[in-house]
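Residue numbers count from 1 along this sequence.
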Amino acid sequence: MLGDQRKHKTLISKKVSLFVLLFCCFFAAVANADMNQDPRTDAKVLVLYTTEGNVRSENVNLLDMLLGHFSKDITFKSASDFGQRDLDGVSVLVYYGEVADLLPDSIAGSVDSFKGTTLAIGHNAEQLGKQLSFFKQERQVAIEELVLVKGGHRSMFEEKRLVSTIDPTDDSIALINGTSSGNVYPIFIKNKSAYYYAPDQMDSLFSIYLGEALHDVFQADHAEGHPAYLRLEDIHPLTDASIFREIATILKKKNIPYIVSVIPVYRDPKTGVESRFSDYPHMLSALKYSQQNGGSIIMHGYTHQYKDDETGEGFEFWDVDANMPVTVPPDQTPEKKNREDFKSEEEYLKFLGKQKAFETDYIKTKVTKAIQEMVGLGLYPLAFEAPHYTMSQSGYEILSDHFSTYIGQLQLGDRDWQIMAPSPYLSYPAFLHGMKLLPETIGFVEPDNDKAIDEMMKAAENQLIVRDGYVAGFYHPYLGVERFKELIERWEKIPNLQWIDLKKMNNYVAVDNISVIASEKEEVTKSVAYFELLKKNPEYYNPHVKSAANYTMWMIVAIAGVMVAIFVFLAIKVQVRRARHGGDHHG
């Protein structure tokens with residue numbers, strides 16, 4: 001009887017444990033689903049900007065990156081071109097004053113009559129009418145710390161930053177403060193449905209705080225949690241297969257999905273000899289093991305070099321020597337000209353068109369070759385990452401014909417490749433022409449920096465300020481397994497992480513006759529038009545032909561070996577028989 005009671009209690013305990021497990025799994029699945037979903041709403045947003053020359057600047061693109069988390073419908077326009085009809089259907093009006101200037105008279109009246117949410121940033125807010133009259137501009141102050149009022153998060157600057165301070169009315173609410181020597185200065189405030197953010201420039205730390213505060217502006221009740229990804233970087237045919245496989249095995253045991261950025265062709269800068277995964281079966285096997293056990297492959301260039309650089313070191317989609325887009329073959333010197341260098345607008349546009357045509361063909365050819373190379377070997381890329389994150393603005397548009405997803409940081413303009421920034425969260429910036437951005441936010445393990453992992457964890461702490469901030473970084477396997485173990489063990493201790501899996505998100509990659517599609521509900525599907533490839537791109541079959549040739553060669557060697565063994569066996573047998581018969585005769 002006592003035994004029956006114990007069995008009954010054990011059964012109940014198992015049922016309770018199973019229920020709790022299913023309960024947890026259900027909500028974990030829901031949370032992960034939330035992290036994978038498009039966070040944007042249908043809010044219609046108009047962004048007016050005042051910049052030097054009234055052109056889209058890098059700061060405007062950074063603002064685009066931040067706003068792209070919230071809305072599917074964003075229009076950017078110079079304030080000088082504003083007309084009353086631009087506000088038709090708009091629910092959120094954003095004004096960004098990068099430089100001090102005189103605004104058109106019509107803007108103040110239009111903003112006053114606007115019934116939606118208004119956000120002003122930087123200069124010229126005093127010209128935006130009564131809605132933005134709930135503060136006064138004060139002097140500039142060098143602040144040493146940012147404070148997010150809600151939640152009390154704080155971040156110190158390594159060097160003080162100069163910002164304009166404001167004196168808000170008593171009925172205004174501070175969302176972000178700056179501090180200096182114990183004094184508090186509001187820099188982001190709200191009054192009813194109007195907001196004002198004082199800094200006219202944005203960098204990474206400012207954008208993290210602004211990015212979180214924008215959730216208030218858009219009343220975006222996004223799920224708390226921090227999507228995370230680890231990227232194994234610069235994987236090419238000469239990568240050490242044993243180290244890569246060991247790291248992949250560790251991640252499999254931990255059940256952590258991850259990203260593998262693949263360069264399909266390694267080019268020796270001294271000899272020009274190209275190495276492919278088909279030449280290195282152990283590395284190809286390790287990559288396929290990774291792909292089948294938690295790894296998602298992305299395209300990281302074709303050769304990851306443009307001129308005589310080593311694969312993995314060079315800039316493939318940006319001419320870093322001339323600091324401009326790739327407009328000529330690597331053995332030629334590009335022409336860098338402005339409008340003033342031409343007699344007419346027609347000549348200037350013709351010049352630009354010629355450069356754009358070369359860049360378009362260059363990028364499309366590289367992308368097509370890389371995807372053909374990978375898919376031909378059974379490797380299926382799901383996104384794109386530009387080498388060193390460098391890409392022209394037109395380059396992003398060209399890429400959007402082939403990829404739905406971009407991984408990493410973004411180059412914010414064509415003036416200088418070094419002006420780039422991460423988004424704190426998933427975003428759909430308008431200048432990516434429909435591509436989704438999965439940002440890289442915490443950097444990587446620098447080979448010669450003993451504090452690199454500490455610095456990555458510090459950057460991760462800042463990402464936790466944003467309610468759905470990404471905690472994403474990368475690791476080069478050539479640094480070895482032990483350092484990787486330290487990185488991943490410390491990374492796992494970050495609270496509320498949700499590892500993303502590209503195979504379970506909506507992603508697609510497509511070039512002529514090849515497509516790879518991943519979705520939340522289905523497994524990755526591949527489509528290859530073999531006959532069309534045979535007609536138009538026979539080089540697609542090179543790995544298969546090479547593999548078949550190798551297979552045939554080894555079959556011939558094996559058959560020849562067996563024939564030789566049989567011949568030797570028979571020869572020995574004959575000799576033994578002759579010797580035996582000879583012995584009997586002489587005996």
task: To the nearest 0.5 Å, tell me how far T327 OG1 sits from D319 CG.
output: 7.0 Å
- request: Compute whether any side-chain donor of one residue and acceptor of the other, for T51 and E98, lie under 3.5 angstrom apart.
  value: no
- request: Tell me, with the steps shown, if D454 and R490 meet salt bridge (Lys or Arg N to Asp or Glu O under 4.0 Å).
  value: CA-CA 9 Å; D454 294 336; R490 292 185 62 182; 2.6 Å; yes
message: Using 0.5 Å steps for rounding, measure from the CG atom of L119 to the CZ atom of F218.
response: 7.5 Å
query: Salt bridge check: are K307 and D309 linked by an N-O gap of less than 4.0 Å?
result: no
field: Result of checking Y396, F384, Y508 against F403 for ring pair (Phe, Tyr, Trp, His ring centres under 6.0 Å)
entry: F384
statement: Rounded to the nearest 0.5 Å, the CZ atom of R467 sits from the CG atom of L464 at a distance of 14.0 Å
- line: Residues at least two apart in sequence or cross-chain that pass side chain to side chain donor-acceptor pair (under 3.5 Å) with E313, listed by chain then number, are none
message: If we ignore hydrogens and angles and just use 3.5 Å, is the side chain of T118 paired with the main-chain N or O of L93 as donor and acceptor?
response: no
- prompt: Would R339 and E345 count as a salt bridge (Lys or Arg N to Asp or Glu O under 4.0 Å) if you check the C-alpha gap in whole Å, the side-chain angles of each, and the deciding distance to 0.1 Å?
  reply: CA-CA 7 Å; R339 171 66 183 86; E345 185 74 9; 2.7 Å; yes
- prompt: For atom CG of D81, is the number of surrounding heavy atoms from other residues, nucleotides or ligands below 6.0 Å larger than 12?
  reply: yes
message: Quick check for you: to the nearest 0.5 Å, what is the distance between D101 atom CG and S80 atom OG?
response: 8.5 Å
message: Is it the case that the side chain of T311 and the backbone of T303 share a donor-acceptor pair, with hydrogens and angles ignored and the cut-off at 3.5 Å?
response: yes
- prompt: Are the side chain of K136 and the backbone of T169 linked by a donor-acceptor contact shorter than 3.5 Å?
  reply: no
query: With K364, which residues qualify under salt bridge (charged side-chain N to carboxylate O under 4.0 Å, His left out), at least two apart?
result: D401
task: Start with the C-alpha distance between D341 and Y348, add both sets of side-chain angles, then the distance that settles side-chain hydrogen bond (donor to acceptor under 3.5 Å, both in side chains), and finish with yes or no.
output: CA-CA 8 Å; D341 298 317; Y348 180 51; over 6 Å; no
query: Could you give the distance from CD1 (I500) to CD (Q498), rounded to the nearest 0.5 Å?
result: 11.0 Å
query: Are the side chain of S113 and the backbone of S110 linked by a donor-acceptor contact shorter than 3.5 Å?
result: yes
Test item: P387 and F315 side chains (from C-beta on) under 4.5 Å apart, heavy atoms: no
message: Checking side-chain polar atoms at under 3.5 Å, does H226 have a donor or acceptor matched by the opposite partner on N496?
response: no
message: Does H69 form a side-chain hydrogen bond (donor to acceptor under 3.5 Å, both in side chains) with D468? I'd like the steps, not just the answer.
response: CA-CA 10 Å; H69 183 63; D468 48 1; 2.9 Å; yes
query: What orientation do Y362 and F358 show, parallel under 30°, tilted 30 to 60°, or perpendicular over 60°?
result: parallel
query: Quick check: are there more than 12 heavy atoms from other residues, nucleotides or ligands sitting under 6.0 Å from NZ of K458?
result: no
message: In this structure, is the centre-to-centre distance between the rings of F135 and Y196 below 6.0 Å?
response: yes
- prompt: So among H215, M65, H222, which one has a side chain to side chain contact (heavy atoms under 4.5 Å, CB included) with Y425?
  reply: H215
- prompt: Has the side chain of E446 got a donor or acceptor atom that lies under 3.5 Å from a matching backbone atom of K451?
  reply: no
task: Using atom types as modelled and distance alone, determine if a side-chain donor or acceptor of D64 lies under 3.5 Å from a backbone N or O of F431.
output: yes
- request: Could you tell me whether the side chain of S172 and the main chain of I189 form a donor-acceptor pair under 3.5 Å?
  value: no
message: Would R56 and F76 count as a cation-pi pair here, with the cationic atom under 6.0 angstrom from the ring centre and within 45° of the axis?
response: yes
Heavy-atom side-chain contact between S392 and E359 under 4.5 Å: yes
query: For the residue pair F157 and F206, is the inter-centroid distance of their aromatic rings smaller than 6.0 Å?
result: yes
task: Look at the rings of H476 and F474 and say which category their plane angle falls in: under 30° parallel, 30 to 60° tilted, over 60° perpendicular.
output: perpendicular
message: Has Q463 got a side-chain atom pairing as donor or acceptor with T441's backbone, closer than 3.5 angstrom?
response: no
query: Is there a side-chain contact between M391 and I363, using heavy atoms and a 4.5 Å cut-off?
result: yes
message: Any side-chain to backbone donor/acceptor pair from T41 onto S71? Under 3.5 Å, distance only.
response: no
message: Are Y389 and W417, when compared by the centres of their aromatic rings, separated by less than 6.0 Å?
response: no
query: Is it true that the NZ or CZ of K77 lies under 6.0 Å from the centre of F82's six-membered ring and within 45 degrees of the ring axis?
result: no
- request: For the residue pair D42 and D73, establish whether any side-chain heavy-atom pair is separated by less than 4.5 Å.
  value: no
message: Between R161 and E144, does any side-chain N to carboxylate O distance fall below 4.0 Å?
response: no
- prompt: Within a strict 4.5 Å, meaning less than it, do heavy atoms of the R231 and E385 side chains meet?
  reply: yes
- prompt: Is there side-chain contact between H153 and L146, with at least one heavy-atom pair below 4.5 Å?
  reply: no
Distance in Å, N507 CG paired with S519 OG, rounded so as to fall on 0.5 Å steps: 9.5 Å
message: Under a 3.5 Å distance rule, please check whether T165 uses its side chain to pair with a backbone N or O of V141 as donor and acceptor.
response: no
